[in-house]
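Before any comments, here is the structure.
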Number of protein chains: 2
Amino acid sequence: MSDLHGLAAARLRADGQRYTANRRAVLETLAAAERPPSIPQLLAARPDLAASSLYRNLAVLERAGIVHRIVTNDEFARFELAEDLTGHHHHRICTTCGAVDDFTLSTRLEAELERALGRVASRSGFKANGHRLDLVGTCARCS
Amino acid sequence: MSDLHGLAAARLRADGQRYTANRRAVLETLAAAERPPSIPQLLAARPDLAASSLYRNLAVLERAGIVHRIVTNDEFARFELAEDLTGHHHHRICTTCGAVDDFTLSTRLEAELERALGRVASRSGFKANGHRLDLVGTCARCS
DNA sequence: ATGAGTGCAAAGGCTTTGCATTAGG
DNA sequence: CCTAATGCAAAGCCTTTGCACTCAT
């Protein structure tokens with residue numbers, strides 16, 4: 001995690017962007033979070049940060065491949081560090097409270113899935129970038 | 001598809017709702033669509049339909065289990081008929097143009113996935129409602 | 001008849017943009 | 001230095017709500 005900063009700086013530089021204090025703050029908040037926070041949660045965690053800057057920075061960090069936007073059925077998006085910084089995983093999404101947390105599948109099943117999806121993609125001229133597998137339901141606290 | 005209307009009427013009635021001309025129109029547009037339309041697309045297809053009614057009706061139809069809201073990384077939600085009317089399937093999502101279309105997996109892989117996800121859910125006290133598996137990338141037209 | 005559904009317009013709320021100022025490299 | 005980044009305020013835009021009218025049953 002100590003070279004999260006180095007990595008982020010490098011990727012931003014590659015994209016012609018600077019690694020500023022605000023961006024560092026966003027990444028640290030994400031790295032420290034138990035669960036992917038929404039924008040309101042990020043704003044609450046960093047009251048000093050202007051909303052417009054947060055929106056702009058999340059967009060920049062997403063384009064640079066450092067953070068990833070999770071879209072749930074919840075009203076706002078949530079953000080996490082990119083998969084290559086945290087490892088491939090999936091999300092358990094609670095439709096009642098909107099909470100998101102992570103789980104993984106066996107590498108065997110994951111590989112099989114990857115093969116099947118590769119076939120689906122090539123069959124249709126689709127260029128796959130990755131997949132998204134979420135478990136949707138009600139978390140322990142909400143049921 | 002002819003008893004889409006009968007089914008919809010029944011489910012709405014069960015929810016204390018009426019099956020009106022607007023709701024019929026929305027379902028017919030969804031049934032006729034090649035790909036899940038967004039709200040702007042639905043409005044364009046039905047210029048006579050007030051935006052507020054469309055929003056209200058989509059919410060009603062979703063609660064009654066007749067339509068399903070698909071959330072992509074795209075800016076607006078897309079809608080399709082519920083899975084029990086069309087069969088279980090997954091989505092190929094183009095991150096460039098936002099288009100969504102369907103694919104299916106072998107029943108074998110699907111069953112295996114279901115088992116694995118069942119284990120993941122029970123292990124954490126999560127009550128699974130279903131899963132969502134999407135292939136994310138660039139469609140043939142956009143690449 | 002009678003309450004749900006509809007349409008229009010206005011309000012709401014998250015997100016984006018303009019612009020002058022600050023700070024990164 | 002010189003440009004990107006920031007913050008504030010204003011504008012945008014999708015979505016929701018209020019209210020009087022209409023239609024389904």
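This structure is a prediction, so every number in the text was calculated from the model and none was measured. Chain A is the first sequence line, chain B the second, and so forth, proteins listed ahead of strands; every chain is numbered from 1.
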Practice task
Using ring-ring contact (aromatic ring centres under 6.0 Å, His included) as the criterion, list what pairs up with A:H88, not counting sequence neighbours.
Solution key: A:H90, A:H131
Problem - Ion pair check, A:R24 and A:E28, cut-off under 4.0 Å - result: no
Is the shortest heavy-atom distance from the side chain of [X] to the side chain of [Y] under 4.5 Å?
| X | Y | value |
| --- | --- | --- |
| B:L27 | B:Y19 | yes |
| B:L133 | A:L113 | yes |
| A:L30 | A:L42 | yes |
| B:L117 | A:F103 | yes |

Completion exercise
A correct 5'-to-3' footprint of nucleotides 2-9 of chain C, with B, S and - meaning base, sugar-phosphate only and no protein heavy atom under 4.0 Å, is -BBSBBBB
Separation of [X] atom [atom1] from [N] atom [atom2], in whole Å?
| X | N | atom1 | atom2 | value |
| --- | --- | --- | --- | --- |
| B:R78 | D:dC14 | CZ | P | 14 Å |
| A:R13 | D:dA4 | CZ | C1' | 15 Å |
| A:L58 | D:dA5 | CG | P | 14 Å |
| A:R46 | D:dA5 | CZ | C1' | 17 Å |
| A:L12 | C:dA23 | CG | C1' | 16 Å |
| A:Y55 | C:dG18 | OH | P | 18 Å |

Problem - Axis deviation across the helix from C:dA1-D:dT25 to C:dG25-D:dC1, five-pair ends, to the nearest 10° - result: 50°
Practice task
Verify the cluster assignment for A:I93 and A:L135: are they in a single hydrophobic cluster under the rule of side-chain heavy atoms below 4.5 Å apart?
Solution key: no
Exercise for the section: Measure from the side-chain N and O atoms of A:T138 to the backbone N and O of A:C94, and report whether any donor-acceptor pair falls under 3.5 Å. Expected result: no
Practice task
Quick one: closest heavy-atom pair of B:C97 and B:C139, and the distance?
Solution key: SG-SG, 4.0 Å
Problem - Qualifying residues under side-chain contact (heavy atoms from CB on, under 4.5 Å), relative to A:S38, sequence neighbours excluded - result: A:P40, A:Q41, A:F76, A:R78
Problem - ring pair (Phe, Tyr, Trp, His ring centres under 6.0 Å) partners of residues 30-69 of chain A, not counting sequence neighbours, each pair once - result: none
Completion exercise
Expected list for residues 35-45 of chain A near DNA chain D, using heavy atoms below 4.0 Å, is none
